[in-house]
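Just so it is clear, the values below take in all heavy atoms, side chains as well, and ignore hydrogens, waters and symmetry mates.
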Amino acid sequence: MTDKKEGRSEKKAKRETQPDQDVTEARLPKKKAKLETSVDEEAIKAYLLAHEITIHEEGLPAPCLSLQGAPFPSPLIKLLLKQGFTAPSAVQAASWPIAVSGRDVLAIAKTGSGKTLGFLLPLLTRCFLKNEKKEKKDSLKEEKKKNGG
């Protein structure tokens with residue numbers, strides 16, 4: 001019994017430190033990726049330096065420097081634009097792509113800097129993507145039942 005418990009806790013620890021494969025595979029439309037990667041590396045370095053942002057790990061997604069480049073479903077971006085948002089704050093620009101990919105984020109910034117939306121919008125996006133994937137699976141199962149398979 002001890003081995004099984006240890007195995008489960010190891011799996012759980014691995015899940016907590018690794019990005020969620022289901023959500024990262026169900027990435028947003030390719031157009032979004034093109035927008036995010038169209039910003040050159042020098043502009044990203046300048047942005048991070050200007051806003052005193054430090055990212056302590058290599059290979060993480062680049063900040064989204066515009067709201068249109070945010071890693072969210074287009075209805076959410078449209079809603080944000082309609083509400084008067086023009087651009088992500090520095091903490092949001094840096095944290096959104098990392099958080100949506102399923103990685104942990106530790107953001108230290110002043111009150112009113114946008115930290116709450118820095119984690120809330122990626123959380124809602126991940127929930128949306130998981131639900132969308134589940135609905136597609138359920139739809140396929142239903143279609144199989146109808147077709148006698």
Side-chain angles (χ1 to χ4, degrees), residues 1-140:
M1 287 284 203
T2 313
D3 292 333
K4 279 189 176 182
K5 279 188 177 182
E6 285 176 16
R8 276 191 233 150
S9 62
E10 285 174 17
K11 285 180 185 176
K12 185 177 179 184
K14 191 173 185 178
R15 264 185 297 187
E16 290 172 356
T17 59
Q18 302 250 330
D20 185 344
Q21 289 298 324
D22 289 344
V23 174
T24 52
E25 287 172 11
R27 292 308 305 230
L28 300 167
K30 299 286 185 224
K31 286 184 179 179
K32 291 265 178 273
K34 287 180 184 173
L35 284 172
E36 291 172 359
T37 57
S38 66
V39 180
D40 71 66
E41 213 171 297
E42 289 304 313
I44 291 169
K45 286 180 183 177
Y47 185 87
L48 295 174
L49 184 64
H51 294 283
E52 300 177 11
I53 297 170
T54 304
I55 298 176
H56 295 279
E57 190 174 329
E58 295 293 320
L60 293 175
C64 57
L65 305 185
S66 70
L67 199 53
Q68 292 79 2
F72 306 133
S74 58
L76 180 55
I77 292 173
K78 287 177 186 173
L79 179 64
L80 292 170
L81 290 168
K82 190 175 179 180
Q83 296 300 314
F85 284 86
T86 55
S89 69
V91 70
Q92 292 164 350
S95 65
W96 284 346
I98 297 169
V100 167
S101 74
R103 301 302 303 263
D104 290 340
V105 175
L106 172 64
I108 302 169
K110 293 180 180 179
T111 299
S113 63
K115 292 184 301 293
T116 301
L117 286 182
F119 74 82
L120 184 59
L121 294 180
L123 173 69
L124 292 174
T125 297
R126 289 176 58 80
C127 291
F128 174 82
L129 291 174
K130 275 191 170 183
N131 186 54
E132 192 175 67
K133 187 172 182 174
K134 183 184 180 310
E135 285 178 358
K136 283 181 185 178
K137 276 185 178 179
D138 291 347
S139 176
L140 288 173

Show the nearest heavy-atom pair for residues I53 and A90, with the distance to one decimal. CD1-O, 3.6 Å
Between P88 and C64, the two heavy atoms sitting closest are CG-O, 3.5 Å
Let me confirm one number: the CG-CG distance from N131 to L124, rounded to the nearest 0.5 Å. 12.0 Å
Would a 4.5 Å heavy-atom cut-off, applied to side chains only, mark V100 and F72 as touching? yes
First locate atom CG of L79, then atom CD of Q83, and finally report the distance between them rounded to the nearest 0.5 Å. 5.0 Å
Ignoring hydrogens and geometry, is there a side-chain-to-backbone donor-acceptor pair from T125 to L121 under 3.5 Å? yes
Closest heavy-atom contact between D40 and A43? OD1-N, 2.8 Å
side-chain hydrogen bond (donor to acceptor under 3.5 Å, both in side chains) pairs, two or more places apart, involving residues 44-54: none
Given side chains that start at C-beta, do those of L129 and E132 come closer than 4.5 Å, heavy atoms only? yes
Heavy-atom pair with the smallest gap, counting every atom of A70 and I77: O-CD1, 3.6 Å
Sub-3.5 Å donor-acceptor pair from the side chain of K115 to the main-chain atoms of A109, do we have one? yes
Using residues 56-63 as the side-chain source, report each donor-acceptor pair under 3.5 Å to any protein atom, sequence neighbours left out, with the distance given to one decimal.
{"residue": "E57", "atom": "OE1", "partner": "R103", "partner atom": "NH2", "Å": "3.1"}
{"residue": "E57", "atom": "OE2", "partner": "R103", "partner atom": "NH1", "Å": "3.2"}
{"residue": "E57", "atom": "OE2", "partner": "R103", "partner atom": "NH2", "Å": "2.9"}

Rounded distance (nearest 0.5 Å) linking atom CG of L76 with atom CG of L81: 9.5 Å
To the nearest 0.5 Å, atom NZ of K130 lies from atom NZ of K134 at 12.5 Å
Please give me the minimum heavy-atom distance between W96 and L117, naming the atom from each residue. NE1-O, 2.9 Å
